[in-house]
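The chains referred to below are lettered A, B, ... by the order of the sequence lines, with proteins before strands, and numbering in each begins at 1. Not measured: the values here are computed from a predicted model.
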4 protein chains.
Amino acid sequence: MGAVKSKRVPRAIREQQMLDAAVLTFARRGYAAASMDEIAEVAGVSKPLVYLYLNSKEDLFSAVIRRESEALVAAVTAAVEPGATADRQLWSGLRGFFAHTAEYPDGWAVLHQQARTHGEPFAREVAVVRAEVVAFVTELIGAAAKEAGCAGELAEREVAGLAHALVGAAESLAGWANVRTDEGPSGEREHPSAKDTAATMMNFVWAGLGRLMEGERWAPGGLIGQQGRSAAVRG
Amino acid sequence: MGAVKSKRVPRAIREQQMLDAAVLTFARRGYAAASMDEIAEVAGVSKPLVYLYLNSKEDLFSAVIRRESEALVAAVTAAVEPGATADRQLWSGLRGFFAHTAEYPDGWAVLHQQARTHGEPFAREVAVVRAEVVAFVTELIGAAAKEAGCAGELAEREVAGLAHALVGAAESLAGWANVRTDEGPSGEREHPSAKDTAATMMNFVWAGLGRLMEGERWAPGGLIGQQGRSAAVRG
Amino acid sequence: MGAVKSKRVPRAIREQQMLDAAVLTFARRGYAAASMDEIAEVAGVSKPLVYLYLNSKEDLFSAVIRRESEALVAAVTAAVEPGATADRQLWSGLRGFFAHTAEYPDGWAVLHQQARTHGEPFAREVAVVRAEVVAFVTELIGAAAKEAGCAGELAEREVAGLAHALVGAAESLAGWANVRTDEGPSGEREHPSAKDTAATMMNFVWAGLGRLMEGERWAPGGLIGQQGRSAAVRG
Amino acid sequence: MGAVKSKRVPRAIREQQMLDAAVLTFARRGYAAASMDEIAEVAGVSKPLVYLYLNSKEDLFSAVIRRESEALVAAVTAAVEPGATADRQLWSGLRGFFAHTAEYPDGWAVLHQQARTHGEPFAREVAVVRAEVVAFVTELIGAAAKEAGCAGELAEREVAGLAHALVGAAESLAGWANVRTDEGPSGEREHPSAKDTAATMMNFVWAGLGRLMEGERWAPGGLIGQQGRSAAVRG
DNA sequence: AATGAATGAGAATTCATTCAT
DNA sequence: AATGAATGAATTCTCATTCAT
């Protein structure tokens, strides 16, 4: 069990091995149920060494969160085409996001499931990153509105809500896309590619945003246009 | 600390008090970090009584999940207008959902954050309920397509993806709507009402669905219509 | 589970039901692992009633020991033919003993296995009864020696040792005889009857005693007679 | 209380210390009443170390049973003179047995009293060892019969019964020999030596066996010879 | 005569963490 | 750079026992 023993490994590498082991173990067991014993064993080192390098379980978890969220942000950032139109930026960012979460499901699980459910030190760390993402998306929506020449149609709070909804939808799809439905011989019912998932998102999101920016709103009786929002929804 | 001591309470009532305490504590601390000691204290009883009535921490957590998910489903079900059009059903269901999650944030936190991150017995229980909700939404989208007279335009898998995205968006907004409380003096920056949140969702979702059903798809160059999807997305 | 509920039973009878339940449960589980809960359930009453009648677990166990050892002593006493020769008394006593232990294996298990292995209050109670039995057997051997007209041949301590050995052998055979070896179709390999077991004991014991009383002793080189014992055994 | 603290002891030695402490404590208190806390304290270490090395109370008890029964078997085996006549083998084996049980009364108490009264995992372990001893004694009796040239006189089941009686008698004497200590000022009423106890057994047993092998049986009217057994015992 | 409701005290077990080498 | 030895502090769970009716 655990990695092959190789003595005298430089610190930088050992630390990464430990973080790898920690990501795996936190994802498999959850923060609380993951024991330092198991992490050390998976990393192929003794427990005191883990403490020597990472100080404590909390610090280790924080280091994991930091590394994984930086990796995720880096992946998305790298994927986004800087000068493109807002929709293309969203599209490329989503592709980067889905590709990364599919490639590192354990890292994603730690960020999305573990970090958010365990007390103050950690939840905040992810919340900050998530807030940045939401802010980025918010900007994108604003930019899109400007591009479409209809800045006034979307209230600030409305945009924030939309960004939150969009991010939540993406998170949900990330989980869904990673669940390998075990039916039929392999080949049938495969993982949807990051491209497909991103397309689903774009189709879901962009069309609606377009209409919103044109001033249309949903109302109990059907879509209506041009009126102010408060009138549209009467409950 | 804990509730006011009231001796000799019938079992049925005590059990509810214990479940209340458990919901609170699990939401505050997370499953693993919540100790039976604290739950008992919050419930205002001794630990042995908790074990006598609820058997074990696992059983207690299961009972909590069951009660809370049944309550949530009941609230949404009660909110939906049975014979209405698909969009109205979605609208009323969302209102019920946001109203319930706003009223019982701890119950929602346990279902959404704790139950899903802690091993097989629990994750499955919530997964089942969530799958039912997704199925319901999937049906709604199908019905809407039929109402709009364009059944063929949406592939089955596409519908499933949309339903997942929609549910994820709603979950994200539920969390968002509940968090906004702690800024400024009370009164300023209030919870958005369930109605407002549901409206955000409907505006976000329904318009987009409408376009999708009309055969429009998003493509890197902008919205395009009528063509097959594979042509639309070239990446 | 437990006996059929019948309310309003006179105390004397209820107590016996409780003792029955206790014997069963102590034999099945052992003293420590037997819970008052289970005993009460097997007895078909509520726990407080057990405490009302029997005071405590210790008292309950003592009551069980007392009842069972009195029953055993009574059975053996009743079996012994008062005026008979020593060997006939031993023979009839053994038959009574094996018959009783076979009929009440749980009672015997409590006396022989549980009572002796659990701390001072209980071990002493059984020890006293056992000592009485040993004393009785010692007398019997003495009487036999007298009958045989060779009182001087057996040292007092030697007689005591023989009595202990005899009692131990009988206890061992009681356990052995009660183990139902589950081989073959029923009928094959049955319980030996109390008579058979007693016969085995008598054959084992009486012949040897006869020789001892005639002054013969075993010595490393074979049986030798007439000499004093210290000379016989040289190691 | 507990042993003198000696830090940083190699595992193999610590384990033996723990087993020593466990034997002592199980013998004193019984399996259930012996707490891991007390065992750890007696061993002079902390509880977690006991768990680290021995895993659980059950495993600890099993380890104790294994060590003690192996030691007992080894002592008896070492004592038996391999090529000697059956009676000499029995004699030397008994001396070894009584010497060992007298030297390690706690180990013997655990095997004889505790292990047999506590559920399946343990009872079986001792039962197996005891069955081996009984089998050995059975062989010895058979060999003795052959030496005496009267193989046909003893039925198989009869031999088994005798072996059980013999073992039971020895067990009883082992307990008896160890208990006699606590009366009067030390010096008076000493432990009988293993040699004496073994002699009592041999005198008790061997003479009787001799007669049995000569075809004599006990019968209600006195010893009778040569007839079949069924006729001898009429009850 | 009998019980549903309730608890104080202690049990086994596990963990994050450190010391000495 | 690395580890075998060791522990303080919780945590889950159980049990004998009592109270109020």
Side-chain angles (χ1 to χ4, degrees), chain A residues 5-11 13-14 32-40 44-60, chain B residues 5-11 13-14 32-40 44-60, chain C residues 5-11 13-14 32-40 44-60, chain D residues 5-11 13-14 32-40 44-60:
Chain A
K5 280 261 171 85
S6 52
K7 303 234 157 176
R8 302 276 139 180
V9 172
R11 172 161 185 159
I13 291 177
R14 269 282 191 260
S35 77
M36 294 298 272
D37 263 303
E38 184 175 0
I39 292 171
V45 297
S46 71
K47 235 187 320 175
L49 200 59
V50 179
Y51 278 89
L52 189 61
Y53 286 177
L54 277 319
N55 299 317
S56 73
K57 194 183 185 184
E58 288 210 349
D59 283 5
L60 172 56
Chain B
K5 279 266 171 82
S6 52
K7 299 242 154 168
R8 304 281 137 177
V9 173
R11 173 168 184 156
I13 291 175
R14 267 283 190 261
S35 81
M36 293 298 271
D37 262 306
E38 183 176 1
I39 292 171
V45 297
S46 70
K47 226 189 325 173
L49 201 57
V50 179
Y51 279 93
L52 188 61
Y53 287 174
L54 277 320
N55 297 318
S56 71
K57 195 181 185 183
E58 286 210 352
D59 282 6
L60 171 57
Chain C
K5 281 262 172 84
S6 53
K7 302 234 157 173
R8 302 276 139 180
V9 172
R11 171 159 185 160
I13 292 177
R14 268 281 190 261
S35 77
M36 294 298 272
D37 262 304
E38 184 175 0
I39 292 171
V45 298
S46 71
K47 234 188 320 175
L49 200 58
V50 179
Y51 279 89
L52 189 61
Y53 287 176
L54 278 318
N55 298 318
S56 73
K57 194 183 186 183
E58 289 209 349
D59 283 4
L60 172 56
Chain D
K5 279 266 172 79
S6 52
K7 297 243 157 170
R8 304 280 138 178
V9 173
R11 174 169 183 154
I13 292 174
R14 267 282 189 262
S35 80
M36 294 298 272
D37 261 306
E38 184 176 0
I39 292 171
V45 297
S46 70
K47 227 188 327 172
L49 200 58
V50 179
Y51 277 92
L52 188 61
Y53 288 174
L54 278 320
N55 297 318
S56 71
K57 195 181 185 183
E58 287 209 352
D59 282 6
L60 172 57

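At whole-Å resolution of the value, CG in B:L60 and P in F:dC13 are 10 Å apart. A straight line from CD1 of A:I13 to P of F:dA2 spans 11 Å, rounded to a whole angstrom. Whole-Å rounding puts the A:L52 CG to E:dA16 C1' distance at 16 Å. Between D:Y53 atom OH and E:dA12 atom P there is a gap of 21 Å when expressed in whole angstrom units. Rounded to an integer number of Å, the gap from D:D59 CG to E:dT13 C1' is 13 Å. Protein atom CD1 of B:I39 is 8 Å distant from nucleotide atom P of F:dT12, rounded to whole Å.
Side-chain contact check for D:L60 versus D:I39: some heavy-atom pair is nearer than 4.5 Å. Within the 4.5 Å cutoff, no side-chain heavy atoms of C:N55 are placed close to those of C:Y51.
An OP1 or OP2 oxygen of F:dG4 is reached within less than 4.0 angstrom by no side-chain nitrogen or oxygen of D:R14.
Closest heavy-atom contact between A:S46 and A:A40: C-CB, 4.1 Å. A pairwise comparison of heavy atoms in D:M36 and D:S56 identifies CE-C, 4.2 Å as the closest pair.
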Pairing annotation in dot-bracket form, given for DNA chain F with Watson-Crick or G-U pairs under 3.5 Å and | for cross-strand partners: .||||||||||||||||||||
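To the nearest 0.5 Å, atom NZ of residue B:K47 and atom CD of residue B:E38 are 12.5 Å apart.
With hydrogens and angles ignored, the 3.5 Å screen pairs a side-chain donor or acceptor of C:K57 with a backbone N or O of C:A34.
With F:dA6, E:dA5, E:dA1 as the choices, the nucleotide that has an atom nearest any side-chain atom of B:R11 turns out to be E:dA5.
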Annotated protein contacts, base or backbone, on nucleotides 14-21 of chain F with a non-hydrogen cut-off under 4.0 Å, one of B, S, - each: BBSBBB--
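When the options A:V50, A:L49, A:L54 are evaluated for a side chain to side chain contact (heavy atoms under 4.5 Å, CB included) with A:L52, the one that passes is A:L49.
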